[in-house]
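Reviewing the structure listed below.
Numbering of ligands and ligand atoms starts at 1, following listing order.
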Amino acid sequence: MIALAEPVEREPAGSVRARRPHFSASALNAYAECERKWFYRYVCAAVDDPGSAASAYGTAFHLALERFHERYVRPAEGEADVMLAELERRIDGAFEEHREGFPTAVEFEIQVRRARRTAKRYVAWLVEEARRAPFTVVGRELAVQLDLEGFTFVGFIDRLDRDDRTSGVVVVDYKTGSIAKSAAEYLQQVRDFEDFQLPFYYWVRTAAGDRVTRLALLPLKDALADVRPVALDVVPVPSGAARGDDLVGTVSVAELERAKLRMVDICRALTSSEPRGFAPASDPEACVFCAYSLACTRRPPAASDRFGQ
Ligand code: SF4
């Protein structure tokens, strides 16, 4: 016979707080995408994310570019074929260092070839851009920190360029994953508080005394597509928004200020002692590559499954 146990009393709800004393833009982006994902990654750390070939590709490509620009500080002075040979050499070295991040030897070879093809397009863009507006690389993988209202934000800026003619500073973020396809789309992400990375870099460099004039996402994912950055020029007051497929638009200081205030608001929520839950993503797309989807009991059904329910 089975004796049923008395139900235990429900424990009083308690708070769940951020464990780390500092915050990164990627943590805030994870929270903006899905609170539950943030909980799994930054509070539980219970589900191991072993990484993927895609993340190893990104890490190795970033490293190759960091070393490449150590030599090519002023790209306008370089010759295209010499620069390409140097970048290919750096890619070979960086991917070799991260070989263990690729699940198979075949995958490794495929990704190295993909990176080399992308390198051609990167150098072609670099030469053209350096001729159009000569610049000096003044920072590579730059460690940054910003204290805002008692919260510390940390991160690394992929590259900082200083325009040789105007002294304006451009924050460059290398993207080896999917990014917004237009300036208007990226601006909307900033306005909707879905992306805090470049707003954070804007404020950290502004606090350091730079006159930041442009925030740029540099796409390095597609080896078959030309490298064409998505960029937002920083303007004092909102101007005509970018339309359609324009790759260059504007973002006002007020919009960046709102992003900054939202960063602080999120940190307040994450460090609050109030009991709280963590809502799942509203967009099932967020779950497609989520490392925690097996553990997550509240993921929204995929759009294709909704009609079957
Ligand atoms: S599976 Fe979806 S809802 Fe669950 S943690 Fe991941 S992104 Fe969030």
Side-chain angles (χ1 to χ4, degrees), residues 10-11 13-59 62 101-103 107 151 153-156 173-182 185-200 217 219-222 230 259 262-309:
R10 186 183 175 131
E11 288 181 22
S15 64
V16 175
R17 303 170 69 173
R19 295 191 308 173
R20 298 181 187 178
H22 52 255
F23 296 87
S24 65
S26 46
L28 299 186
N29 286 354
Y31 184 83
E33 184 182 36
C34 173
E35 295 181 12
R36 208 167 172 78
K37 183 187 279 189
W38 179 88
F39 170 75
Y40 282 126
R41 183 176 300 165
Y42 295 96
V43 179
C44 302
V47 184
D48 188 31
D49 180 357
S52 62
S55 61
Y57 177 89
T59 305
H62 276 69
F102 298 90
E107 181 76 15
F151 299 107
F153 297 88
V154 294
F156 289 88
D173 199 40
Y174 302 139
K175 291 294 183 191
T176 54
S178 300
I179 61 168
K181 292 185 174 54
S182 66
E185 187 182 336
Y186 183 59
L187 178 61
Q188 199 57 45
Q189 289 174 1
V190 172
R191 285 177 174 164
D192 291 345
F193 307 128
E194 292 173 1
D195 191 295
F196 294 100
Q197 199 160 28
L198 294 189
F200 163 47
L217 303 172
L220 298 170
K221 180 186 179 192
D222 189 349
V230 172
R262 179 68 183 143
M263 285 166 63
V264 172
D265 280 349
I266 290 177
C267 292
R268 279 209 186 95
L270 295 181
T271 53
S272 157
S273 56
E274 293 294 310
R276 54 160 305 164
F278 293 92
S282 53
D283 181 359
E285 279 298 304
C287 311
V288 175
F289 295 110
C290 176
Y292 313 102
S293 60
L294 284 178
C296 179
T297 55
R298 294 184 57 198
R299 63 178 185 270
S304 56
D305 295 342
R306 284 184 179 166
F307 296 112
Q309 291 194 330

Task: Flag if over 12 foreign heavy atoms under 6.0 Å of CD, Q188 - done: yes
- [ ] Please name all residues satisfying side chain to side chain donor-acceptor pair (under 3.5 Å) with T176, sequence neighbours left out, ordered by chain then number.
- [x] none
Task: Backbone of C296 reached by a side-chain donor or acceptor of R299 within 3.5 Å - done: yes
Task: Sidechain-backbone polar pair: E35 side chain, A279 backbone, donor-acceptor under 3.5 Å - done: yes
TODO: Show the protein residues that qualify under the rule heavy atom under 4.0 Å from an atom of ligand 1, listing them in chain and number order.
DONE: C34, R36, K37, Y40, P280, A281, A286, C287, C290, S293, C296, R299, P300
Task: All side chain to side chain donor-acceptor pair (under 3.5 Å) counterparts of D173, not counting sequence neighbours - done: K175
TODO: Tell me, please, which residues at least two apart from K221 pass salt bridge (Lys or Arg N to Asp or Glu O under 4.0 Å).
DONE: none
